[in-house]
Structure formats: structure tokens, C-alpha cells
Amino acid sequence: MTDNTAAIIVHEHTRQFHLTNGRISYVFHADGQGKLINLYFGAAVPDREDFSYLTEVTHSPTTTCRIPGNLTYTLERMRQEFPEYGGGDYRRPALEVRQGNGSTLTDLTYAGGYRIIAGKPRLAGLPATYVEHDDEATTLEIELIDRPTGLTVILQYTIFRDQPVIARSVRITNGGGEPVSLERVMSLNLDLPDRNYTMTEFAGAWARERHPHTQPLHYGVQQIESLRNASGHFLNPCAVFARPATTESQGEAIGVAFEYSGNFDLHAEVDTFDVTRVQVGINDFGFSWRLAPGETFQSPEALLAFSAEGLTGLSHAFHRTVLEHIVRGPWKRRERPVLINNWEATYFDFNEDRLVDIARTARNAGIELFVLDDGWFGARNDDTAGLGDWRPNPRRLPNGLASLARRVNDLGMRFGLWFEPEAVNADSDLYRAHPDWAIRTPHRKPSHGRNEYLLNFADAAVVDNIFEQMSALLGSANISYIKWDMNRFVSEGYDLSRDAEHQGEAYHRYILGVYDLLERLLTAFPELIIEGCASGGGRFDMGMLFYTPQIWCSDDSDAIERLKIQYGTSMFYPLSTMGAHVSITPNHQTMRSAPLATRANVAAFGTFGYELDLGRLSDAELDEVHRQVAWFKRYREILHTGDFHRLIAPYGNEKAAWMVVSRDRHTAIVGDYRLLITPNGAFTRLALRGLDAGLTYKVDCTGASSIAGRSFTGAELMRIGLVDSDASCGQMDDVNPLGVTTDFSSRLFVLTAD
Ligand code: DGJ
């Protein structure tokens with residue numbers, strides 16, 4: 001197999017499929033019973049006609065056997081591609097279909113139907129990876145049939161040419177004469193031959209999203225999920241399965257990421273024979289989907305990646321997949337504007353002149369985009385009213401939006417606007433006109449969150465109305481950007497637009513409605529940048545990134561907390577997706593005061609912006625902001641397209657560090673953060689990564705450093721390390737020669753190859 005080809009090798013004789021691109025191999029076959037059996041997933045291996053020796057059989061007492069007279073063929077011991085329950089496999093199935101007679105039993109078999117497609121077909125109505133040219137990927141669709149029901153299941157696999165990544169999804173068609181109900185459809189099933197893995201999940205809450213937590217796999221099921229109909233703050237729909245000895249730079253790791261924004265289930269089940277079954281899909285809790293004869297259901301897509309170069313290799317695979325195959329439109333390749341957002345500057349206390357003052361000060365500092373956050377619409381004076389009425393609030397903006405947008409544009413800045421399209425306040429004209437558009441269950445009391453209700457986005461009439469309101473507004477003023485917020489999770493879930501037998505579809509249809517509105521807005525306004533947000537990072541997932549190339553990472557804008565949030569987020573998501581702002585001190589979430597430099601030095605590793613009233617800063621601070629913005633603009637292309645390396649984790653350490661290396665490895669930017677001072681501490685060196693060992697790099701530093709201005713080879717910087725001692729001596733009157741004397745201080749090093 002040559003490198004840089006996404007090949008799918010089919011051996012008709014052995015009914016074997018080998019997906020490979022020179023970096024990974026994924027092999028499965030259809031066995032004599034027509035079952036699809038996984039043979040291998042991992043680092044690339046040379047092809048052979050028959051890998052079936054990797055399926056061993058033996059007689060195991062108490063197992064349930066499929067072939068009369070044969071005691072060795074049992075599905076319980078088979079590593080399957082798309083397992084079902086009821087035929088002797090007692091693990092969690094990938095599919096459950098309730099039929100007219102009440103049974104959920106199916107027996108899918110392969111009868112020789114498959115097709116290979118150059119490139120990657122789109123998934124109707126869903127976010128999915130894509131290619132710009134057909135030679136970037138190859139897709140296999142393989143057909144399984146359940147004869148008694150006439151159900152056809154197409155397993156879809158795409159292997160990318162340049163990445164160790166496979167995209168998986170499932171399409172189900174009811175080819176029988178009776179309706180059936182899909183009760184469980186996993187997008188991806190992967191049976192691994194042993195259990196010697198750790199599982200890392202990315203957990204948290206509002207204001208502390210996506211901290212990594214790692215545990216060894218144990219017997220039984222270990223699961224992460226969401227039942228909020230959003231991916232949520234608590235558990236991100238991604239996980240890493242790594243060998244116990246795997247580090248950032250070495251060892252094997254498998255990553256699974258779900259491109260979906262609603263209820264998910266991602267779990268690993270270790271069975272009695274030490275096989276690990278990994279599954280991800282729509283959470284089956286409360287889910288069912290009625291499939292009438294002739295109808296088709298398309299599952300969301302899941303991504304599977306393999307790295308033999310540690311966690312960093314895995315991150316790079318996902319980052320590049322996001323940058324090349326998920327983020328789309330004109331902003332895929334354009335530099336993202338530095339923005340100022342008025343939320344933490346004013347909250348609800350603003351008028352047109354105050355906003356223009358903030359914008360003007362920001363423009364003077366080099367900031368490119370002014371974003372007007374919550375409070376500009378309807379009768380909104382606080383968070384009890386106005387959601388759903390997407391027209392300017394006459395009390396705050398008596399001259400309308402076009403006037404404000406023009407004044408901001410006249411300063412030479414772009415203008416952006418906040419929406420919460422899925423939400424409605426009871427105190428709104430929309431709710432008064434259409435109370436049945438708010439989600440509630442008949443005869444039950446609806447619960448609110450932040451005084452608001454969610455609109456039933458499963459109902460096309462609701463989505464149409466919000467599209468019409470938003471598009472009228474976007475057409476009425478020069479608006480370049482929208483922030484798409486969502487500040488509560490669903491409760492009393494029900495779809496008032498459909499009858500009882502379709503209620504299991506309500507949550508998924510809601511998410512399809514959200515995707516539909518996003519798609520329609522992008523089609524109507526292709527130049528728009530949409531930044532995702534859900535009370536901060538409550539819906540930070542691969543699905544949203546298909547529509548919103550950047551997502552507000554967290555409502556916690558404290559630099560030290562942000563180190564933890566952005567560090568964890570970086571496992572799957574590239575820096576250009578992470579909304580990160582410099583805010584005021586004391587910080588509004590933690591009351592912590594980190595230096596202005598550190599606030600910028602953390603936000604620079606994201607889509608950089610400011611969220612404070614710059615007019616409250618001193619002249620010296622404004623000069624500093626000016627320099628920060630200029631610095632970021634100079635390096636943003638490298639920061640957003642380069643390779644990110646995590647160096648020192650911020651959890652439980654007194655230091656943290658990370659770096660970005662440009663694709664050509666000629667420039668690197670190191671973020672070096674002191675969390676808490678160690679009195680009379682050790683001299684320290686920071687081992688860098690990803691540089692070219694043979695190049696010589698000149699070191700510049702945004703703060704004080706004993707090595708600034710000197711040059712070192714990449715080999716020295718990676719093997720000996722960058723000298724980054726802060727040498728605090730704990731005596732307040734001493735002048736620290738390195739200038740790093742306070743808690744929460746930081747420096748950025750820029751390394752430039754000669
Ligand atoms: C939650 C968001 O995360 C904040 O950034 C801000 O937009 C508020 N909502 C506004 O209500």
C-alpha cells in the first residue's frame with residue numbers, strides 16, 4: 001500500500017474488506033454465516049487475502065450457538081461490526097428494531113451487496129465530514145439485510161487519504177410491508193480484541209467544561225452520555241481509549257468523536273472474554289423512530305481515529321479532520337477577526353452611544369469585529385422577557401440596528417449580533433401568538449430555565465418562523481457574525497406537532513430542526529461567521545462545528561480556569577474553534593485577578609477577543625492591549641493552522657505550558673504559565689516538541705527571559721529544553737532578574753528558524 005491513498009481493498013473470495021491509507025488499517029469480513037466480523041483496527045499492515053485467522057473459535061461452555069451440531073460458532077465470542085441482541089450475543093447491541101409482532105429480534109446478514117464511492121457522500125440533514133476533491137477519501141457502503149422484516153442496513157465507512165481517521169454512519173431502510181420502530185441505532189460499533197486500555201472522558205460543568213479524566217477499563221459498561229438534548233457541559237461526546245503506558249508523545253490511542261449535538265451514548269463494554277466493545281450513537285433512552293415501508297433513517301456520523309504517536313498524534317488527526325473536513329465555507333481558510341463582545345462590559349445596561357464608545361476604543365486598539373450580545377431585541381431589559389421577538393428593542397436602540405451597524409462599520413469594524421434562536425420567554429409576542437410552539441407535555445406543568453422555554457424545533461413551522469425573523473434582520477443591516485446561544489436544556493420533551501406514535505422522535509427531530517435552521521441561514525448568508533455557544537461551552541461538539549466554525553468555549557473567562565478548559569478541549573478540537581476572550585479583573589466568575597498579559601496569553605490560544613469595557617483601562621493598559629492585538633494578528637495564522645502540543649497539564653501543577661508549531665516547522669509559539677509561585681524554587685527547563693531538530697531557532701519572549709535573543713537548535717530545545725526558570729526567591733523587595741514574580745504570570749516565547 002502506498003502512502004497518501006485512501007484505498008478500500010476488497011477480496012471477493014474471502015469477502016474481506018481492508019480500508020487503509022498507509023497509516024491505519026481497518027479490516028473486516030463477512031463470515032460463512034453472513035455476519036460481518038471485525039478482524040483488525042490499528043497501525044497499517046500490508047494487505048493479505050485472508051486475515052480470518054484473527055477470528056479464533058473454541059467451545060466455550062454456556063455459550064449459545066448458531067449452527068446445529070456446532071459448539072464453537074457463537075456470536076458471544078465474535079468481534080462484530082454491527083451486533084444485534086437475541087442470537088446469542090449478550091452484550092449491548094448496535095441495533096434494536098421493534099416489529100409488528102412485538103419482537104425486537106433481527107438477524108442481519110451480508111449477501112454480497114457493497115459499493116465503493118470515490119470521495120464522500122453528504123448525509124442528508126446532518127453534519128458530516130466532507131471532501132473538496134474525490135481523491136481525499138474513499139467510501140464503502142456495505143449492505144446487510146434482515147429477510148423476515150425486509151429491513152436493509154447500510155454501514156457507511158469513509159477513510160481519509162491524509163488522516164488516520166475513519167468516519168462511520170448507518171442508513172436503515174424499511175423494505176418490508178409493515179411499519180417498524182427503530183429503538184436503538186448506534187452510529188459506530190468497534191469490538192477490540194482486549195481490554196488493556198484506559199478511557200479518558202472530558203467532564204465538567206458550567207464554567208469548568210471538558211477537564212480530562214482517565215481510568216482503566218473495568219469489566220462491564222463504562223458510559224458517558226447526555227439526556228439534555230444537547231451535548232452538554234457535563235460530558236463531551238468524545239473519548240480516548242489509550243494503552244496504559246501511552247503518553248502525549250508515545251504509544252497507541254484510539255479516539256472516538258460523535259458529530260452530534262443532542263442526546264448521546266458513548267460507552268465501552270468489557271465482556272467476559274476481555275473483548276472491549278466501543279459504541280457511540282444517539283442515546284436510546286426515550287428514543288424511537290417509526291419507519292414506515294419505504295422510509296429511510298440516517299444515523300449521525302461518528303469519527304474513529306488511531307494514533308501510534310501518543311495523544312498528540314490523536315489530537316493532530318482530529319484537529320486536521322476538523323480543519324479540512326468539518327469546518328466549511330469561506331471562513332474555513334480566512335483568518336478569524338479579533339472581536340470585542342459587550343456582554344461582560346455592560347450586561348443589559350447599554351444604549352447605542354455606549355456601544356459605539358466601546359467599539360471605538362476597541363477599534364483604536366486594532367480590534368476588528370464588534371459583537372452586540374444579549375439584550376438588543378424585543379422588550380428585553382433583563383432575562384425575563386423578549387426571547388423570540390427578533391427585532392430591535394426600541395428603548396435601547398431607537399435608531400434601529402442598521403444605524404448601529406453603520407456606525408460600527410464606519411469605524412472600520414465588522415458588526416456581529418447575539419441570538420438565542422431556540423428559546424422563547426413567556427413574556428414575548430411570539431409566545432403570546434403561539435403558546436403551543438414552546439415545548440411542553442400536554443396536561444403537565446412546563447419547567448423553565450433562566451425564565452425561558454425552548455421552542456419546538458421538531459416543528460417545521462417554528463423553524464420557518466425563526467428563519468424568517470432572523471433572515472429579515474440579517475438582510476436589514478450589515479451583520480457579519482452571529483453568536484448562536486442556547487441557555488437551557490429541554491424538559492417535558494414532547495412534539496405537539498405530531499401524534500403519540502411519533503413522540504420518541506421528538507428530541508432527534510429537534511436537533512434536525514436546529515441543523516436545518518443553521519443550514520438555511522448559511523445558504524442565505526454565506527459570508528456569515530456563526531459562533532456557537534450554549535451558556536458557554538454547553539454544546540461544543542463536532543456536529544455544531546459543521547455550521548459554527550468557532551464556539552464560545554466557556555462562560556468562565558478567568559485565565560487560570562481557561563488554561564484547564566482549553567487544555568482539555570484541545571484533545572479533540574483545534575485552537576481556531578475555541579472562542580477565548582480577555583476579560584476584566586477581578587474576574588466575574590472566580591473573582592481572581594490575573595495580569596492582563598496572562599489573560600491575553602491564554603486567550604491567544606483560541607479565537608482571540610476581548611470582553612470588557614476597554615474605556616475602563618488605563619492608558620498603559622490600552623497600549624498593552626494594542627500590542628497584544630498586533631502580536632496576535634501577526635501570529636494568528638500559525639496559531640490557528642499549526643500543530644498544537646500540550647507540554648505541562650494545568651491540573652494539580654504549579655506550571656502549565658503548551659505550544660504551536662507552524663506546518664513548515666519554521667516558527668513556534670510557546671505559552672509558559674506560572675500558576676502559583678514556588679518560593680525559592682528549582683531552575684526549570686521546558687522540553688519542547690514538534691520542532692525540526694536540524695534547524696536553529698532564535699528565541700524571542702513577550703516577557704523577561706534570560707535566553708531571549710539567543711539561538712538554539714531544535715535538537716537542543718527538544719532534548720535539553722528551553723530554560724524557563726522563574727527563580728522566584730520569595731523576598732518581596734528583590735527584583736527577580738527574570739521578571740516572573742507573581743502568581744498567574746506568564747510569557748510567550750516565539751521561536752523563529754534562521
Ligand atoms: C450565555 C453566554 O454564554 C454568554 O456569553 C452571554 O452571551 C449570555 N448567555 C447572554 O445571555
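Just so you know, these numbers use all the heavy atoms, side chains as well, and skip hydrogens, waters and symmetry mates. When a ligand or atom number is given, it counts from 1 through the structure's own listing order.
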Under a 4.0 Å heavy-atom limit, does Asn487 contact ligand 1 with its side chain, its backbone, both, or neither? side chain
Under 3.5 Å between some N or O of ligand 1 and some N or O of Trp418? yes
Which ligand 1 atoms does Lys483 reach within 4.0 Å, using its non-hydrogen atoms? 4 (C), 5 (O), 6 (C), 7 (O)
Is a side-chain donor-acceptor pair under 3.5 Å present for Ser557 with Gln589? yes
Quick one: does Arg450 get a heavy atom under 4.0 Å from ligand 1? yes
Aromatic plane relationship, Tyr347 with Trp343 - under 30° parallel, 30 to 60° tilted, over 60° perpendicular: perpendicular
Let me check something: any side-chain donor-acceptor pairs from residues 227-237 under 3.5 Å, sequence neighbours excluded? List them with distances.
unit_1, atom_1, unit_2, atom_2, d
Asn229, ND2, Tyr507, O, 3.1
Ser231, OG, Asp541, OD2, 2.6
His233, NE2, Ala534, O, 3.2
His233, NE2, Ser535, O, 2.8
Asn236, OD1, Tyr573, OH, 2.6
Asn236, ND2, Phe540, O, 2.7

Phe572 vs Phe318, test: ring pair (Phe, Tyr, Trp, His ring centres under 6.0 Å). Steps then yes/no. CA-CA 6 Å; Phe572 283 88; Phe318 280 106; 4.7 Å; yes
Per-atom contacts, ligand 1 versus Gly536 - under 4.0 Å to a heavy atom: 3 (O)
Considering the heavy atoms of Asp374, write down every atom of ligand 1 situated less than 4.0 Å from one of them. 10 (C), 11 (O)
What residue and heavy atom of the protein are closest to atom 9 (N) of ligand 1, and at what distance? Asp485 OD2, 2.6 Å
Using a 4.0 Å cutoff against the non-hydrogen atoms of Cys533, which atoms of ligand 1 qualify? 2 (C), 3 (O)
With sequence neighbours excluded, give me every salt bridge (Lys or Arg N to Asp or Glu O under 4.0 Å) pair touching residues 456-470. Asp464-Arg520
Between Arg440 and Asn456: side-chain donor-acceptor atoms closer than 3.5 Å: no
Check whether the side chains of Asn341 and Asp373 place a donor and an acceptor atom closer than 3.5 Å, and report yes or no. yes
Any N or O of Asp555 closer than 3.5 Å to N or O of ligand 1: yes
Taking only heavy atoms of Trp552, which atoms of ligand 1 are found under 4.0 Å from at least one of them? 3 (O), 5 (O)
For Phe605 and Trp658, take the angle between the two ring planes, folded into 0 to 90°, and tell me which bin it lands in: parallel under 30, tilted 30 to 60, perpendicular over 60. tilted
In the protein, what heavy atom is nearest to atom 6 (C) of ligand 1, and what distance, to one decimal place, separates them? Asp373 OD1, 3.4 Å
